[in-house]
Amino acid sequence: MAPPSAIEVLPATDTSTFTIPDRLTIRHIAKRRAASGKLIAGVAAAADVGAFKGRTHHVHKPLAKRWDHRLTDEAKTRGGSSLKEAAKFLKQPGLISLGGGLPSSEYFPIEEMSFEVPNLNSATGERHAVLSVGKHDMAHGTSDYDLATALQYGQGHGSAQLLRFLVEHTELVHNPPYSDWSCTMTVGSTSAFDMAIRMFAKPGDWIISEEYTFPAMVETAAPMGVRMDEGGMLADSLDEVLRTWDEQARGGKKPVLLYTVPTGQNPTGSTQSLQRRKEIYAVAQKHDLYILEDEPYYFLQMQPYTGPNAPDVPPPASHEDFLLSLVPSYLSLDVDGRVMRMDSFSKVIAPGTRVGWITASEQICKRYSVHADLSTQSPSGVSQMMLFKILEEQWGHGGFLDWLLHIRMEYTARRNVILDACEQFLPKDVVSWKAPKAGMFLWLCVAWEKHPDYLSKTLVEIEDELFHANMRHGTLLMKGSWFCPDKEVDTGKMFFRATYAAAPLDQIREAVRRFGESLREAFGLVTLADSGA
Ligand code: PLP
């Protein structure tokens with residue numbers, strides 16, 4: 001069977017056909033917090049996610065399916081850390097602990113930290129705010145989190161203080177349609193994927209992914225003996241791959257895991273429409289697949305591209321409009337609890353925070369955090385504390401949405417610059433592209449069958465020559481073949497991946513111009529200078 005094409009980009013307008021029911025509002029969060037009282041979470045405190053979700057808000061929803069039949073023996077038998085369990089006794093008033101091997105905060109050589117952040121929608125007009133944290137702010141009653149707690153050992157699920165914000169944010173954006181959903185923090189999605197593979201896959205198993213995918217995930221799975229197949233994310237094609245799976249020929253059992261990057265996919269930049277997500281979810285139900293939804297680019301959904309020199313499309317007018325403009329996630333469609341959604345701060349705050357979170361059923365989150373207790377322990381306390389200060393104490397939920405909206409408009413401007421430059425500088429008879437609706441990548445398809453050496457050289461050879469020709473012209477683009485999950489599959493197509501995430505705008509234009517010249521030279525086309533353009 002020919003490999004299916006990369007996932008399609010469909011108009012974002014279909015998001016209007018689906019409103020996430022009963023979505024939590026920012027006002028409701030404030031009420032819920034007022035009702036639940038002050039959060040008191042000291043050293044290594046266990047978090048009560050049920051309380052963060054509101055005790056009664058989800059009871060009308062069905063329970064998640066159990067996944068005992070999918071979990072590996074390793075995941076099922078891991079009992080957890082007995083020493084972390086003992087931490088729950090620390091909150092007993094008057095207790096003198098001679099228990100855990102926790103160093104005294106007296107010996108943490110950091111008394112205070114401060115850092116500056118953007119001050120969003122400030123009433124005073126100040127553009128920046130300086131946030132400070134001391135060692136004993138909790139004891140002094142000036143904050144719910146301090147250095148003595150943040151720099152101490154913590155629970156695998158992360159600090160209750162930050163986790164509460166993440167649970168609320170998840171409900172605000174996705175409102176999962178089953179009752180026993182939960183969240184637990186990760187040290188980023190790369191690690192979350194690694195841990196998920198150990199929970200769900202054994203050596204020799206296959207995972208289904210997009211035709212081209214994020215190489216780190218393939219490289220993570222491969223040494224565990226787990227391979228990825230380019231099942232494609234067209235629902236029909238996915239169904240066919242699974243229906244016709246030949247264990248003998250494939251040398252492995254029918255896949256039970258689906259790994260997908262539905263929004264602003266890396267590397268293709270494509271975004272699955274709501275309709276596509278529903279169809280794929282139905283295929284997952286039919287074949288009882290568990291879905292790993294990897295969404296670092298979810299909030300990099302941009303304004304529509306209207307063409308060169310066209311006026312900018314104004315941003316969503318309110319938080320409500322902003323949330324409605326986002327394609328609903330798999331998590332928000334997940335009536336069975338068959339999705340582990342991986343969120344990450346890497347692309348919306350900073351990759352070096354190494355903080356993210358998963359949302360899945362309580363059963364899966366529990367298995368995950370028990371594993372974290374015994375491996376990563378928890379995300380860095382310094383990172384958690386910084387995120388808490390920014391998100392909880394400075395911005396709040398509304399401010400975080402404002403920040404995400406700001407990022408959306410920044411990426412829209414960058415994406416428009418690269419697309420305008422492509423229109424102006426690239427030879428359209430040998431290279432084509434689609435305007436990405438989300439993320440940070442532009443996927444450039446090169447018509448290599450028009451290359452002068454097409455009959456005498458392989459795709460890989462010509463791709464390599466073009467890669468080096470680009471370098472000689474002073475522009476670096478990633479080879480498409482680096483993103484093929486199964487290196488033995490010949491897709492027959494040639495791509496280069498460009499990112500508009502970081503280079504200054506004028507340099508993005510210049511890099512595209514150089515790429516155009518490099519292609520013209522390689523394909524024996526008239527250069528722009530010679531054409532007088
Ligand atoms: N998933 C995808 C699809 C990515 O493209 C990336 C980074 O490029 C990551 C995950 C990495 O996420 P994290 O920094 O949270 O590990």
Side-chain angles (χ1 to χ4, degrees), residues 6-7 158 162 166 169-170 183-198 207-222 228 230-231 233 257-272 277 291-302 327 329-331 339-360 368 371-372 375-376 378-380 383-384 386-387 404 407 411 414-415 436-443 476-480 482-485 495 497-503:
I7 50 180
L162 182 59
L166 301 179
H169 172 78
T170 301
C183 298
T184 183
M185 267 185 248
T186 68
V187 295
S189 300
T190 311
S191 163
F193 181 81
D194 172 66
M195 288 168 63
I197 297 301
R198 284 179 61 174
I207 301 173
I208 295 264
S209 74
E210 274 105 5
E211 185 183 15
Y212 293 88
T213 194
F214 179 43
M217 299 317 188
V218 182
E219 287 150 10
T220 301
M228 281 215 192
E230 72 305 331
M233 288 301 133
L257 270 185
L258 171 67
Y259 168 72
T260 181
V261 185
T263 314
Q265 202 248 2
N266 184 0
T268 63
S270 51
T271 296
Q272 295 169 21
R277 292 174 199 223
I291 301 175
L292 302 176
E293 175 181 38
D294 183 12
E295 279 291 52
Y297 307 106
Y298 188 69
F299 284 106
L300 303 188
Q301 294 184 49
M302 296 170 281
V327 186
S329 61
Y330 278 98
L331 178 64
V339 174
M340 174 196 280
R341 179 182 167 91
M342 297 176 263
D343 275 286
S344 170
F345 282 112
S346 287
K347 311 294 177 174
V348 293
I349 298 281
T353 57
R354 303 317 304 144
V355 180
W357 72 101
I358 59 160
T359 309
Y368 188 98
H371 188 176
S375 56
T376 57
S378 72
S380 152
S383 288
Q384 290 192 63
M386 290 178 84
L387 287 165
L404 296 171
I407 296 277
Y411 274 83
R414 288 179 161 274
R415 187 268 326 258
K437 289 181 166 26
M440 47 174 68
F441 303 113
L442 179 63
W443 192 231
L476 174 65
L477 295 174
M478 296 306 186
K479 291 183 192 178
W482 285 336
F483 301 91
C484 283
F495 294 96
R497 191 195 75 177
T499 178
Y500 41 90

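It should be emphasised that the depicted structure is a prediction, and the values quoted were computed from it without experimental measurement. Each ligand, and each atom within it, is numbered from 1 in the order the structure gives. Counting from 1, the numbers follow the sequence of the chain as shown.
For ligand 1, the atoms closer than 4.0 angstrom to any heavy atom of R354 are 13 (P), 14 (O), 16 (O). Heavy-atom contacts of M217 reach the following atoms of ligand 1: 1 (N), 10 (C) (cutoff under 4.0 Å). Close approach to S344 involves these atoms of ligand 1, each under 4.0 Å from a residue heavy atom: 13 (P), 15 (O). Those atoms of ligand 1 that come under 4.0 Å of a heavy atom in V261, given as number and element, are 3 (C).
For atom 9 (C) of ligand 1, the closest non-hydrogen atom of the protein is F214 CE2, 3.4 Å. Looking only at protein heavy atoms, the nearest one to atom 7 (C) of ligand 1 is K347 NZ, 3.2 Å. Nearest protein neighbour of atom 1 (N) of ligand 1, counting heavy atoms only, is D294 OD2, 2.6 Å. Given atom 16 (O) of ligand 1, the protein heavy atom at minimum distance is T190 OG1, 2.6 Å. Ranking protein heavy atoms by distance to atom 14 (O) of ligand 1, first place goes to S346 OG, 2.6 Å.
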Check against side-chain contact (heavy atoms from CB on, under 4.5 Å), R341 and Y298: CA-CA 11 Å; R341 179 182 167 91; Y298 188 69; 3.4 Å; yes

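The aromatic ring centres of Y297 and F441 sit less than 6.0 Å apart. H169 has its ring centre less than 6.0 Å from the ring centre of F299.
A side-chain N or O of D294 and one of Y259 form a donor-acceptor pair less than 3.5 Å apart. Y212 and Q265 form no side-chain donor-acceptor contact under 3.5 Å, judged by distance and modelled atom types alone. With hydrogens and angles left out, the side-chain atoms of E293 and T260 include no donor and acceptor closer than 3.5 Å.
Residue-level proximity to ligand 1 for P296 is carried by the side chain, the only part with a heavy atom below 4.0 angstrom. With a heavy-atom cut-off of 4.0 Å, F193 does not touch ligand 1 at all.
For the pair Y297 and ligand 1, the shortest N or O to N or O distance falls below 3.5 Å.
For M342, the closest heavy-atom approach to ligand 1 does not fall below 4.0 Å.
One N or O on the side chain of Q301 and one on the backbone of V327 form a donor-acceptor pair closer than 3.5 Å. Formation of a donor-acceptor pair under 3.5 Å by the R497 side chain with backbone atoms of M478 is not found in this model. Panel note: side chain Q384, backbone P379; a donor-acceptor pair is recorded below 3.5 Å.
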